[in-house]
Chemist: 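I'd like to ask you about the structure that follows.
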Amino acid sequence: MHSKEQISHDEYQKTADWLMSQTQHRPQVAIICGSGLGMLADTLKCQDSFAYSDIPGFPQSTVQGHAGRLVFGELKGKTCVCMQGRFHMYEGHSLCKTTFPIRVFKLLGVETLIVTNAAGSLADGLQPGDIMIIKDHINFPGLVGLNPLSGPNDDKFGPRFPAMSGCYDKGLRCLAMEIAKQQGVAGFMQEGVYAMVGGPNFETIAEARLLHRLGVDAVGMSTAPEVVVATHCGLRVFGLSLITNKVVKSYEDSECVNHEGVLEVGRLRSHTVQQLVTELISRMEINNNNNTSNAV
Ligand SMILES: O=P(O)(O)O[C@H]1O[C@H](CO)[C@@H](O)[C@H]1O
Ligand code: HPA
């Protein structure tokens, strides 16, 4: 079911044109807020915001902690667009719907995508409240063919067989670590590998052990398809996971993860994540060669 739906170039363009007719902002940076991280949009100045339900072609958010608003605004001299709420495969959206906004952002002239998420940790060194800079991902649905790029390739966006090595920009990862040191938060920040599973159930203990043995540091139910589509169309990507819980790996452990707990850690760490992302956007260089006139 997931690979059948196709979205035409015109449909992405229609949504981009509608947004450009509603706001003067021409974003260079797009931010996707993970569960409980919607406050990232609050830092934007001179906001124009749109409910997803008012944007032609946009899917709807159905998950608690994902408000369902697209917010445009200025941040430290850069024009940004922020998704307060993302779309997940488990909500029943096709993968091309979950990643629909990414291609719209490309058509709006966005150059850099910042993805954030809430994730459970498998690495012993990652505790709830820690921030993991995503160095690489394992896209489990993608490995078995559930990929937003399945179906006819749209050459206007990118190649049939896009490379994914290096999809999390090294320069931005280094800059984020430098900023973390300056902000005094490097002690609870490290790089790691994120794995996407389909959800919506959290992992069994046997699944958790499998992921751990495979070298996964943190697990969640999003992000990888967005990054695949962004990389395909040439966006630079930076990603971070806020560790909201430890994934239970022992049959002796009676702890149980739940979504409310995930959202709570998001709220507790919101200020730190906000400061880090703000400074990263402030200091990142933008090429400005991806404006709406030469976007595909
Ligand atoms: O990945 P985000 O959207 O941050 O959300 C994470 O939090 C939810 C589970 O609590 C899942 O949707 C998982 O993917
Ligand atoms: O433990 C988890 N597993 C999967 N997704 C998640 N999102 C937050 N925590 C988790």
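When a ligand or atom number is given, it counts from 1 through the structure's own listing order.
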Chemist: Who's closest to atom 11 (C) of ligand 1 heavy-atom-wise, of Phe202, Tyr90, Phe87?
Modeler: Tyr90
Chemist: So, Glu279 and Arg283, do they make that salt bridge, N to O below 4.0 Å?
Modeler: yes
Chemist: Short list, please: which atoms of ligand 1 are under 4.0 Å from a heavy atom of Ser222?
Modeler: 1 (O), 2 (P), 3 (O), 14 (O)
Chemist: Surrounding CZ of Arg213 (heavy atoms of other residues, nucleotides or ligands, distance under 6.0 Å), is the total greater than 12?
Modeler: no
Chemist: Around atom CZ of Phe161, are there more than 12 heavy atoms from other residues, nucleotides or ligands closer than 6.0 Å?
Modeler: no
Chemist: Who's the nearest protein heavy-atom neighbour of atom 10 (O) of ligand 1, and how far?
Modeler: His259 ND1, 2.6 Å
Chemist: Can you confirm whether the side chains of Arg26 and Thr79 place a donor and an acceptor under 3.5 Å from each other?
Modeler: no
Chemist: List below, pair by pair, the N or O atoms of ligand 2 and of the protein that are less than 3.5 Å apart, including the distance to 0.1 Å; reply 'none' if no pair qualifies.
Modeler:
unit_1: ligand 2; atom_1: 1 (O); unit_2: Asn245; atom_2: ND2; d: 2.9
unit_1: ligand 2; atom_1: 3 (N); unit_2: Glu203; atom_2: OE1; d: 2.8
unit_1: ligand 2; atom_1: 3 (N); unit_2: Glu203; atom_2: OE2; d: 3.3
unit_1: ligand 2; atom_1: 7 (N); unit_2: Ala118; atom_2: O; d: 3.4
unit_1: ligand 2; atom_1: 9 (N); unit_2: Gly120; atom_2: N; d: 3.3
unit_1: ligand 2; atom_1: 9 (N); unit_2: Asn245; atom_2: OD1; d: 2.8

Chemist: What is the closest protein heavy atom to atom 5 (O) of ligand 1, and at what distance does it sit?
Modeler: Ser35 OG, 2.7 Å
Chemist: Any idea which protein heavy atom is nearest atom 14 (O) of ligand 1, and the distance to it?
Modeler: Met221 N, 2.9 Å
Chemist: Establish, from distance only, whether the side-chain atoms of Thr62 and Glu91 form a donor-acceptor pair under 3.5 Å.
Modeler: yes
Chemist: What do you reckon, is CD of Gln182 surrounded by more than 12 foreign heavy atoms closer than 6.0 Å?
Modeler: yes
Chemist: Under the ring-ring contact (aromatic ring centres under 6.0 Å, His included) rule, what do Tyr52 and Phe87 come out as? Steps first, then yes or no, please.
Modeler: CA-CA 11 Å; Tyr52 291 165; Phe87 310 114; 5.2 Å; yes
Chemist: Is Arg267 salt-bridged to Glu264, going by a charged N under 4.0 Å from an acidic O?
Modeler: yes
Chemist: Is the distance between the ring centroids of His259 and Phe202 under 6.0 Å?
Modeler: no
Chemist: In ligand 1, which numbered atoms sit nearer than 4.0 Å to a non-hydrogen atom of Asn117?
Modeler: 1 (O), 4 (O)
Chemist: Mind checking whether Ala118 has an N or O less than 3.5 Å away from an N or O of ligand 1?
Modeler: yes
Chemist: Within ligand 1, which atoms have a heavy atom of His88 less than 4.0 Å away?
Modeler: 2 (P), 3 (O), 5 (O), 12 (O)
Chemist: How about Phe58 and Trp18: are their ring centroids closer than 6.0 Å?
Modeler: no
Chemist: Can you list the atoms of ligand 1 that are under 4.0 Å from a heavy atom of Gly34?
Modeler: 4 (O)
